[in-house]
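For reference, the structure is listed below as structure tokens.
Whatever order the structure lists ligands and atoms in, that order sets their numbers, starting from 1.
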Amino acid sequence: MSKNDKVSNSVIRRLPRYYRFLGELISEGVSKISSRELAERMNVTASQIRQDLNCFGGFGQQGYGYNVSELRSEIGEILGIDRDHPAVLIGAGNLGRALSVHLDYAKYGCRLCGIFDSSETLVGMRLGQLTVSPMSALAGFCEKYKPVIAILCIPKEAAPEVCEQLASLGIKAFWNFSHYDISLENISDVVIENVHLGDSLMALCYGISKNEKDKENSVPEENGNEEA
Ligand code: NAI
């Protein structure tokens with residue numbers, strides 16, 4: 001059994017946040033931290049932290065706390081951030097352009113090595129260190145550079161065909177912004193991460209309306225008394 005197999009999916013989902021906070025601690029010169037202090041910083045319970053981080057064993061010691069740098073390296077290794085996964089971005093429209101130039105891929109274990117679009121107007125456009133290539137060059141590119149991640153920033157309607165093509169070209173992971181529910185027949189070892197920024201916004205709206213409702217419900221009955 002590998003180390004990753006021991007860690008539940010819900011813990012894995014929380015790891016990037018730990019990784020980020022531990023990085024901030026390192027840049028502040030903090031070398032060890034207790035679960036209580038880390039919990040306060042992260043606004044979670046200390047027991048949650050202990051449970052999550054116990055999965056990695058050996059980093060937390062009673063009365064000592066966690067070795068920040070070792071724990072961060074361990075989490076980075078589990079997340080695969082210490083590697084260099086080559087990625088291609090498909091769709092150099094508004095979203096694709098933003099993701100091409102504003103994300104530090106190396107920080108997350110990736111390397112953006114190609115950008116592709118079907119629009120002749122966009123082909124040849126310089127985006128950071130890369131130039132947008134035509135879709136006709138995708139197969140040759142994949143054969144040569146062997147990207148494993150595809151970042152999908154194309155319309156939903158275009159996604160099914162492009163996904164099939166990418167999978168047949170050896171893509172093993174889709175970071176999918178296209179709103180298309182990817183289903184790839186006969187392919188089992190592909191990882192899909194669907195991103196819907198709108199979901200996060202809806203969670204925010206829920207938070208606002210909940211606060212408003214709570215406030216309404218806690219209003220004292222002064223108005224009613226005045227009318228009486
Ligand atoms: P956009 O229209 O600016 O860009 C789409 C790009 O895809 C265009 O450059 C177009 O030429 C290219 N394209 C279309 N068909 C293609 C194909 N078969 N092969 C290669 N390239 C192709 O749209 P925008 O604003 O960049 O959004 C892209 C997609 O992402 C949209 O479908 C949008 O709904 C979605 N989106 C998703 C978000 C999310 O949170 N998941 C957030 C924002 C947008």
Side-chain angles (χ1 to χ4, degrees), residues 9-10 12-20 79-81 85-187 189-211:
N9 199 34
S10 50
I12 297 282
R13 288 267 157 199
R14 289 194 285 271
L15 290 187
R17 189 153 182 260
Y18 287 120
Y19 187 82
R20 197 155 36 83
L79 289 171
I81 287 174
H85 298 114
V88 282
L89 185 143
I90 315 291
N94 295 309
L95 182 63
R97 288 200 293 274
L99 288 176
S100 307
V101 293
H102 295 304
L103 204 57
D104 184 356
Y105 287 89
K107 236 169 109 178
Y108 308 110
C110 303
R111 176 172 40 88
L112 187 61
C113 59
I115 303 173
F116 294 83
D117 199 290
S118 59
S119 158
E120 281 179 21
T121 338
L122 292 174
V123 168
M125 178 188 273
R126 195 85 186 146
L127 289 173
Q129 304 290 311
L130 299 170
T131 302
V132 180
S133 301
M135 288 300 280
S136 56
L138 183 63
F141 182 93
C142 289
E143 204 173 307
K144 189 167 176 193
Y145 296 103
K146 312 248 180 301
V148 290
I149 298 175
I151 304 164
L152 284 189
C153 301
I154 51 177
K156 188 177 181 180
E157 309 72 56
E161 199 182 325
V162 173
C163 284
E164 288 289 342
Q165 186 190 5
L166 287 162
S168 74
L169 292 171
I171 291 296
K172 294 289 170 213
F174 288 87
W175 198 26
N176 177 26
F177 289 84
S178 76
H179 295 311
Y180 164 65
D181 204 359
I182 299 178
S183 69
L184 295 162
E185 279 181 24
N186 309 323
I187 299 178
D189 61 341
V190 166
V191 192
I192 297 161
E193 184 68 30
N194 297 310
V195 187
H196 298 282
L197 296 178
D199 289 1
S200 175
L201 199 54
M202 280 191 273
L204 195 72
C205 288
Y206 168 77
I208 299 171
S209 47
K210 186 173 178 302
N211 281 349

Margin query: With salt bridge (Lys or Arg N to Asp or Glu O under 4.0 Å) as the rule and sequence neighbours excluded, what pairs involving residues 129-140 come up?
Written below: none
Next item on the list: Can you tell me which residue pairs pass the ring-ring contact (aromatic ring centres under 6.0 Å, His included) test with a partner in residues 132-176, sequence neighbours excluded?
Entry: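 Every ring-ring contact (aromatic ring centres under 6.0 Å, His included) pair that includes a residue of residues 132-176, provided the two are not neighbours, is Phe116-Phe141, Phe141-Tyr145, Trp175-Phe177.
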Notebook entry, point to check: Can you check side chain to side chain contact (heavy atoms under 4.5 Å, CB included) on Leu103 and Leu112, steps first, answer last?
Noted result: CA-CA 10 Å; Leu103 204 57; Leu112 187 61; over 6 Å; no
Item checked: Arg20 vs Arg17, side chain to side chain contact (heavy atoms under 4.5 Å, CB included): CA-CA, chis, key distance, verdict -> CA-CA 5 Å; Arg20 197 155 36 83; Arg17 189 153 182 260; 3.8 Å; yes
Notebook entry, point to check: Do Leu89 and Tyr105 have side chains that get closer than 4.5 Å, going by heavy atoms?
Noted result: yes
Next item on the list: Just jot down the side chain to side chain contact (heavy atoms under 4.5 Å, CB included) partners of Lys210, sequence neighbours excluded, or say none.
Entry: Tyr206, Asp214
Next item on the list: Heavy-atom cut-off of under 4.0 Å around ligand 1: list whichever protein residues fall inside it, by chain and number.
Entry: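 Lining ligand 1: Ile90, Gly91, Ala92, Gly93, Asn94, Leu95, Asp117, Ser118, Ser119, Leu122, Met135, Cys153, Ile154, Pro155, Lys156, Ala158, Val162, Phe177, His179, Val195, His196, Leu197.
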